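Remember, predicted model here, so these are calculated numbers, not experimental data. Here is the naming used below: chain letters follow the sequence lines, and residue numbers restart at 1 for every chain.
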Amino acid sequence: VKVLNWQIVLYAVLSLTVIRMAPVAAALVGTRLDRATIALVAWFGPRGLASVVFCLLALEELGSPAADHAAAVITITVLLSVLAHGATADPLATRYARHLARQAGQHADAEIPAEDLVFGAGGLTCSPGRPVSA
Amino acid sequence: VSVSDLAIVAALVFGWGTLSARLERLDVTAPITFVLAGLLLTHGPLAFLSVTPSRELLKELAEFTLALVLFSDASRVGLHELRADAGLYLRLLGAALPLTIGPR
């Protein structure tokens, strides 16, 4: 596959972002998940071996000229996914862990009965489950 | 697949084994490393790998590896957690996945 044009790259980028993230976000509307969790679930859909197998199946079933365009898109998508998901896995996991820890702190505040909240009323000023900075 | 090809691949795996902890701290993952190594060793001046696998062999290899990866991932999921989050998976597989694939 030697044809590499901007449309292929654009579609690959879109398939890693909006084409996956928007449906996931829509499917999770109404769950008790907060925005950070939904964003994490939506972003981490690494494209790898499964895509490669589908690509080889397409080449096998459809033959070279018909499947070439799809193969080019899949190749670029997988390469981008390897880089993008690989490079962001650790930083985003760390950030999400910190986010969860913050939230757990808030929940702990919220669970204290109101009369015990003489000091540290910070947990009451924002609704539980919705961090101040996400 | 020649002996030198096997030696190069074995050296790569060994090299990753010794350096992985340091590289992963720099967010360089195994897929990044091996995809890059594969590109460099098959294209350009460093193309020391002489394998040209047939499409059939490639497909067999990819399918077998995918089966292994999926099995090892699945074996790490507890039935208890699975049941607790079942509604979530139903939404993702039943709504998000068809929406992503789209009508054809």
Quick check on [X]: does its [atom1] atom have over 12 non-hydrogen neighbours (other residues, nucleotides or ligands) under 6.0 Å away?
X	atom1	value
B:F71	CZ	no
A:F54	CZ	no
A:F44	CZ	yes

Using the rule that two of Ile, Leu, Val, Met, Phe, Trp, Tyr join whenever any of their side-chain heavy atoms come within less than 4.5 Å, decide whether [X] and [Y] are in one cluster.
X	Y	result
B:L6	B:L46	yes
A:L10	A:L16	yes
B:L19	B:L40	no
A:L49	B:I32	no
A:L79	A:V82	yes

To check you understand the geometry: which heavy-atom pair defines the closest contact between [X] and [Y], and what is its length?
X	Y	value
B:A62	A:V52	CB-CG1, 4.3 Å
B:L99	A:P23	CB-CB, 3.5 Å
A:R20	B:T100	CA-OG1, 4.1 Å

Fill in the blank from the handout: Listed by number, the residues in residues 58-67 of chain A that come under 4.5 Å of chain B (heavy atom to heavy atom) are A:L59, A:E60
Exercise for the section: Could you have a look at A:D90, A:V53, A:V41 and say which one has the most heavy-atom pairs with chain B under 4.5 angstrom? Expected result: A:V53
Handout entry: Pair A:L28-B:L88, side-chain contact (heavy atoms from CB on, under 4.5 Å): steps then yes or no
Key = CA-CA 8 Å; A:L28 296 179; B:L88 209 62; 3.8 Å; yes
Practice task
To the nearest 0.5 angstrom, please state how far the CG atom of B:D27 sits from the CG atom of A:L83.
Solution key: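 Here the interatomic distance stands at 12.0 Å.
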